[in-house]
Amino acid sequence: MQDKYSHQEVERAAHSHWTARDAYRVTEDTSKKKFYACSMLPYPSGKLHMGHVRNYTINDMLTRYLRMNGHNVLMPMGWDAFGLPAENAALKNGVPPAKWTYENIAYMKKQMQAMGLAIDWSREVATCDPEYYKWNQWLFLKMLEKGIAYRKTQVVNWDPVDQTVLANEQVIDGKGWRTGAVVEKREIPGYYLKITDYAEELLDFVTGDKLPGWPERVKLMQENWIGKSEGVRFAFTHDIQGDDGKLIGDGKMYVFTTRADTIMGVTFCAVAPEHPLATHAAKSNPALAAFIEECKTGGTTEAELATQEKKGVPTGLFVTHPLTDEKVQVWVGNYVLMGYGDGAVMGVPAHDERDFAFALKYGIEIKQVVLVDGETFDYHQWNDWYGDKQRGVTINSDSFSGLNYKDAVNAVAHALEQKGLGEKKTTWRLRDWGVSRQRYWGTPIPIIHCDEHGAVPVPEKDLPVVLPQDCIPDGSGNPLHKHEGFHAGVTCPVCGKPARRETDTMDTFVDSSWYFMRYCDPKNAEAMVAGGADYWMPMDQYIGGIEHAILHLLYARFWTKVMR
Ligand code: ANZ
């Protein structure tokens, strides 16, 4: 018996005993009850912080307790090793992201081992390892085949001085974080995953009883993020022709509204700066063109657009109200988002807060069409009176007058349907997931660009497309553009002529969407997820972020579709 507790000695003895016995390595043993305790894989930022310690200790205690009770427990660990911080560190210290990342992994692994966590290290994965990200590329190709992955143009933040794309966090007060240059919005091609196909199913999951124990607050956040919105989509007609002599949008300007009951209160329409009618009108209207340019600067997030001052410019174009046949002036408004609904709104200043601010500023008529019980409509107290949710009885609305909200919406939808100009529609706030990043330190997107054949998928046999490890980003664009080795000898898989390699890489959330399945059979060279998953999945305990949990659900769905 020692009279002093020497933790170093005790721990050293315990660690060497565990190491000698390889105590935490587990195999698929069907004679025992399995338990899979998984923690969100850490970003190798440098050193462990107390959050890591707290998080991993919970699963460690659970693991030890269950093992003592005869369970076969898997507790794996890995590294979410791609991403921007490694590039920023490279910029600061002149060290390639690979070196910085692997050194951090080694250091943090040592710290975890010193903590004595009951981890099966034989299953360790690092997402920047080609043996891991090869499967990101493989699944991406499968998703392309099935139409779950597709290419379209996207709006990005562009730093005109560094000639590079910036993440939203790198835009400060509308300026680039490094150069201070005014950031522009630019449209460039990118790849998307069709998560909107799964919106209804996700919502059912979040609002139903399938997630017992999840806090209501968290579920509500997810519900708002998915953002199901039931309303009416309809068209204002027009005869505005483009340069080619054809009617723009076939002579229909569509809008989406959740308040079809207010359709008789429309006193203007507003379209997004990127809307085809705005582009058309700007050609002969320098003031409008300047305003559209102005809208291109500043942030791209929905929150930023929602809080900025409402501004607009009239286009001089008119559309026809579908029920009254009156002419309605079309404005370009900075509060209208091109990416939501149809990129255009019917303006009802009396009942919509944004339209109200807009109408007051520009002296547009305000027409009340809903009467809320016991309330007097008064502009000066409008904010007290008003609410998008203020529903009441329709007034000043011809045959719709006297109806309550629900009946009025139904009647208006019916009238529009009769004219072939509209119908009820569900719109989602959830967007398809843009997975391309114009960055170096991530999974290369397995595409080759050919002048003749366009964007051609890399053949499966040529995977992985390996990311060079020796680049040092200098802040001016993606260093892959300049990396000879990455492009050398690239030919089009279809015609064999010289071609260019895609230099965009994948969002790192792609990596962290399926790692928990890889731990079940981490060395398998034949399959992304193999045999071990039959035994270990589903996870019994997951300690990690909700956003990951949601992506895990989605990936399981992609998986089912790809393998079917
Ligand atoms: C007229 C109206 C009157 C509206 C009213 C609301 C209140 P949620 O619930 O989020 O789906 N809207 C539609 N498309 C838009 C776009 N691209 N950019 C900005 N706003 C857009 O919101 C639906 C409402 O958001 C729609 O209903 C429309 O304004 C606006 F008293 O139409 B509403």
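Both counts, for ligands and for their atoms, begin at 1 and track the order of listing. In this text, all values refer to a predicted model and were calculated from it rather than measured experimentally.
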Any donor-acceptor pair under 3.5 Å linking the side-chain atoms of T503 with those of H481? yes
Contact atoms of ligand 1, heavy-atom distance to [X] under 4.0 Å:
X: G343; answer: 17 (N)
X: Y340; answer: 8 (P), 10 (O), 11 (O), 14 (N), 15 (C), 16 (C), 17 (N)
X: R429; answer: 8 (P), 10 (O)
X: V336; answer: 16 (C), 17 (N), 18 (N), 19 (C)
X: M346; answer: 1 (C)

Does the ring center of [X] lie less than 6.0 Å from the ring center of [Y]?
X: Y191; Y: Y150; value: no
X: W433; Y: F509; value: no
X: F82; Y: Y133; value: yes
X: H552; Y: Y542; value: yes

Geometry only, no angles: is [X] polar-contacting ligand 1 at N/O separations under 3.5 Å?
X: S229; value: yes
X: H351; value: no
X: L337; value: yes
X: T262; value: no
X: D342; value: no

Would you give me the side-chain donor-acceptor pairs under 3.5 Å for residues 215-237, sequence neighbours excluded?
unit_1	atom_1	unit_2	atom_2	d
K228	NZ	E200	OE2	2.8
R233	NE	D342	OD1	3.1
R233	NE	D342	OD2	2.9
R233	NH2	D342	OD1	2.9

Which residue from Y254, Y335, F256 reaches closest to atom 19 (C) of ligand 1 through any of its heavy atoms? Y335
More than 12 foreign heavy atoms under 6.0 Å from CD of E423: is that the case here? no
Pi-cation contact, F205 with K210 (under 6.0 Å, within 45°): yes
Please confirm whether R151 makes a cation-pi placement over Y192, using NZ or CZ under 6.0 Å from the six-membered ring centre and within 45° of the ring normal. no
Is it true that V345 lies under 4.0 Å from ligand 1, counting heavy atoms only? yes
May I ask whether R354 places a heavy atom under 4.0 Å from ligand 1? yes
